[in-house]
Amino acid sequence: MRGEQLARQWRILMYLGNSQLGKRLSQIAEEVECSERNVRRDLVALEEAGFGVYREKLGQSTVWKSTEAFRSNPPIPLTPMEIIAILLAETELRGSPDDFIAESFSEVTRKILKSRPPAFREQMELLQEKFYGGASSRKQTGRPGHDLYELVGSAISNNQKVAVSYKNASGEKTTGRRLAPLHIWVANNSRYLVAFCYEKEQVRTFHMKRFQKVEVLPEKFENQWTFDMQKHAEETFGVFHAKPERIDIWFDPILRSYVEDHPLHSSQTVKDSESGLLVRIKVGINESLVSRIMGFGSLARVLAPDRLAFLVMEKHRSACETYNTPIPAAAQSLPLIFE
C-alpha cells in the first residue's frame, strides 16, 4: 500500500541520515524489514525526487548515502505533550468520511513513534487505546480514494483544468464537465471542491464524494476569478453560498450555555434581551440555516429578516401537516440540561 511505502521511505531516509559512511543495500533492507528489490526501487525513487540520496562505489561494494545538507537538517524537536496531542488528534480522525487527511496524519504519527524508544512507544500506544475515538462510529461508505485528492490537488497546484463525471444531490449525472479547480474545502466533516464551471460559467461547490471520475487535462487556466476562499467560507452557513445578510434570532435563556458553547456561525454575537438572548449572525440564507433554526423548535424565533422568519414558519407548518395523530402531553417537551 502507498502508506506503507511512504513510511518505509521515511525510515530509509532517517537510517541513511544517521550514517556518514553510508549503508549497503542488504543493511538497509534488514533495517526496514523489506526485500532488497523493493528497497532498491525506493532508493532510486528518492534519488530521482531530489531527497539528497546518492550511491557511491567503495571497492567491490556500492553504498547508499545521504548528502551533508540532509544530514545537517535535524528532526523537529517535539515534547511528550506535543506528541500526545498529535496522537490524540490522529485517533479522533480515524474512520472519518473522505479521510485523506486522517490517512496522512497516521503516517505522521507512525514516523514520530518509530524514532522514539520502545518504552515510549508502548506508553503512547496505551494512551491511544484509552482515548475514546468517536470518529470510528461515523459513516464510512462512499468515500473517494486517496488518489482522487492527490489528482485534484496536483491540478490545483499546476492550474490545470479537469474533466469530471459527477452525480449531484438529485441523482442527475453529468460527464465530461470541465472545471478549473481552485480550492479543496473541508466543511461539515466532508470535502468539497470549489471550482469554476465552464458549463455554468460561475464558481460552484462540488461534493467530492460524488465524483465518479476525474481526468486532469493538459490545458491550463489563468486564475482570473476574484475569489477569496476565507471570505467565502466565513459568509457561508453550511456549504452552499448565498449573499450574506444580518440575521437576528431570539433564544430562550435555557439555551444560553449551548448557544455560547456551540455558536451558530463564526460571526455570532450574543446579547441579553428582556425575555431571553439576542443572537446576531451575518450569513447567507439557505436550506442549512433554515433547518438548523427549526431544530430549536419553540425555543428560537427569527426576529429579522422577515423572509427568513416566513421560511421557518412555513417549514414548521408543513412538518405539522404530515402528522394527523394528536401529540400526547408527555411527548410535548424534553428536559434540556447541560452539564
Side-chain angles (χ1 to χ4, degrees), residues 1-10 13 38 41-51 53 93 95-108 111 139-233 236 238-241:
M1 294 178 62
R2 179 171 175 79
E4 295 176 356
Q5 181 185 20
L6 292 174
R8 186 175 66 244
Q9 291 175 353
W10 175 262
L13 286 173
N38 285 339
R41 289 177 179 173
D42 289 338
L43 287 166
V44 171
L46 292 170
E47 183 181 28
E48 293 177 349
F51 276 92
V53 173
L93 283 169
S96 61
D98 309 331
D99 62 350
F100 75 107
I101 293 179
E103 183 177 331
S104 299
F105 222 98
S106 296
E107 294 307 317
V108 172
K111 293 167 186 175
K139 185 178 179 182
Q140 298 186 36
T141 59
R143 297 185 314 195
H146 186 263
D147 290 345
L148 181 142
Y149 297 106
E150 290 187 342
L151 203 65
V152 175
S154 174
I156 292 173
S157 300
N158 298 319
N159 281 5
Q160 286 181 273
K161 297 179 183 179
V162 297
V164 304
S165 296
Y166 185 77
K167 182 170 69 173
N168 65 19
S170 302
E172 299 173 351
K173 297 180 181 179
T174 57
T175 58
R177 194 165 178 175
R178 292 168 64 252
L179 308 175
L182 304 176
H183 299 275
I184 291 179
W185 183 16
V186 180
N188 296 340
N189 203 30
S190 293
R191 315 290 175 257
Y192 298 86
L193 175 65
V194 178
F196 180 83
C197 176
Y198 289 95
E199 178 183 330
K200 302 295 184 180
E201 296 187 341
Q202 60 181 218
V203 175
R204 305 289 286 266
T205 302
F206 301 87
H207 201 313
M208 294 189 72
K209 79 173 184 180
R210 297 199 180 107
F211 284 138
Q212 298 179 322
K213 182 180 179 182
V214 176
E215 178 187 359
V216 179
L217 304 176
E219 184 182 358
K220 294 201 171 188
F221 65 89
E222 290 187 12
N223 193 346
Q224 55 189 318
W225 306 281
T226 304
F227 185 80
D228 186 332
M229 186 65 223
Q230 182 174 350
K231 184 173 183 292
H232 177 84
T236 301
V239 174
F240 300 101
H241 189 266

Closest non-hydrogen atom pair between [X] and [Y], with its separation:
X: L217; Y: Q160; answer: O-NE2, 3.1 Å
X: I184; Y: G153; answer: CD1-N, 4.4 Å
X: G176; Y: S165; answer: N-OG, 4.3 Å
X: R177; Y: K200; answer: NH2-CG, 3.7 Å

For this session: Give the C-alpha distance, both sets of side-chain angles, the deciding distance and a yes or no for side chain to side chain contact (heavy atoms under 4.5 Å, CB included) between I156 and L193.
Result: CA-CA 10 Å; I156 292 173; L193 175 65; 4.2 Å; yes
Mind checking the [atom1]-[atom2] spacing from [X] to [Y]? Nearest 0.5 Å is all I need.
X: L151; Y: F211; atom1: CG; atom2: CZ; value: 10.5 Å
X: F196; Y: Q202; atom1: CZ; atom2: CD; value: 8.0 Å
X: T174; Y: Q212; atom1: OG1; atom2: CD; value: 9.0 Å
X: K167; Y: H207; atom1: NZ; atom2: NE2; value: 12.5 Å

Problem set entry | Intermediate values then yes/no, side chain to side chain contact (heavy atoms under 4.5 Å, CB included), V152 and V162 | CA-CA 8 Å; V152 175; V162 297; 5.7 Å; no
For this session: For Y198 and A180, indicate whether the former's side chain and the latter's backbone hold a donor-acceptor pair under 3.5 Å.
Result: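 No; zero donor-acceptor contacts below 3.5 Å.
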Problem set entry | CD/E222: more than 12 non-hydrogen atoms of other groups inside 6.0 Å |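 Not more than 12 within 6.0 Å, no.
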Exercise. Going by the angle between their ring planes, with limits at 30° and 60°, are W185 and Y192 parallel, tilted or perpendicular?
Worked result: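 Plane angle between 30° and 60°, so tilted.
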For this session: Tell me, please, which residues at least two apart from N38 pass side chain to side chain contact (heavy atoms under 4.5 Å, CB included).
Result: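 Counting only residues at least two positions away or on another chain, N38 forms a side chain to side chain contact (heavy atoms under 4.5 Å, CB included) with R8, C34, S35, R41.
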Problem set entry | Reference residue R178; test salt bridge (charged side-chain N to carboxylate O under 4.0 Å, His left out); the match among E201, E215, E199, E219 |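 The passing option is E219.
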Exercise. Are any of the side-chain heavy atoms of V164 and F206 separated by less than 4.5 Å?
Worked result: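 Not in contact.
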